[in-house]
Amino acid sequence: VVIIYEITIDPTKPCTSYANIKHVSFHPEEEEILFNMGSIFKIDDIVSDSAQPNDIPVVKLTACDIHHPFVDEMKAKVKQASQISLSILL
């Protein structure tokens, strides 16, 4: 499945760590951005024209503020799920 991810980053807000790696990429024309592992993005929209047979869907994302309540809630859920999984393994 081919999907294009369009990511918006507001440099005035504290969000995930990222770096432009265009200058070290094997494909500099791709203008690659490298995101920190565990980065969190909010899905803003999914644009697709299903009437077109070769249409490539575009998923529009925004890098989340690391201090956003949604991020804190997700971290708590992951931590809780991890603890439950760990107790099952033990």
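One-based numbering along the sequence shown.
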Could you tabulate the donor-acceptor pairs under 3.5 Å formed by side-chain atoms of residues 17-28, not counting sequence neighbours?
{"from": "Asn20", "atom 1": "OD1", "to": "Lys22", "atom 2": "N", "distance (Å)": "2.9"}
{"from": "Ser25", "atom 1": "OG", "to": "His27", "atom 2": "N", "distance (Å)": "2.9"}
{"from": "Ser25", "atom 1": "OG", "to": "His27", "atom 2": "O", "distance (Å)": "3.4"}
{"from": "Ser25", "atom 1": "OG", "to": "Glu32", "atom 2": "OE2", "distance (Å)": "2.2"}

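- Asp45 pairs by the side chain to side chain donor-acceptor pair (under 3.5 Å) definition with nothing, not counting sequence neighbours.
- No chain of hydrophobic side-chain contacts below 4.5 Å, direct or via other Ile, Leu, Val, Met, Phe, Trp or Tyr residues, connects Ile46 to Ile4.
- Follow the hydrophobic side-chain contacts under 4.5 Å out from Tyr5 and you reach Ile43 in the same cluster.
- Counting non-hydrogen atoms of neighbouring residues, nucleotides and ligands closer than 6.0 angstrom, the CD1 atom of Ile3 exceeds 12 such neighbours.
- Ala63 and Ile9 get closest at one heavy-atom pair: CB-CG1, 4.3 Å.
- Ring pair Phe41/Phe35: centre-to-centre distance below 6.0 Å.
- The cluster map of Ile, Leu, Val, Met, Phe, Trp and Tyr, joined by side-chain heavy atoms under 4.5 Å apart, puts Val1 and Val47 in different clusters.
- Considering CD1 of Ile7 and CG of Asp44, their distance stands at 11.0 Å, rounded to 0.5 Å.
- Looking at every heavy atom in both residues, Val2 comes nearest to Pro57 through O-CD, 3.4 Å.
- Clustering ILVMFWY residues whenever any of their side-chain heavy atoms sit less than 4.5 angstrom apart, transitively, puts Val58 in the very cluster that holds Ile56.
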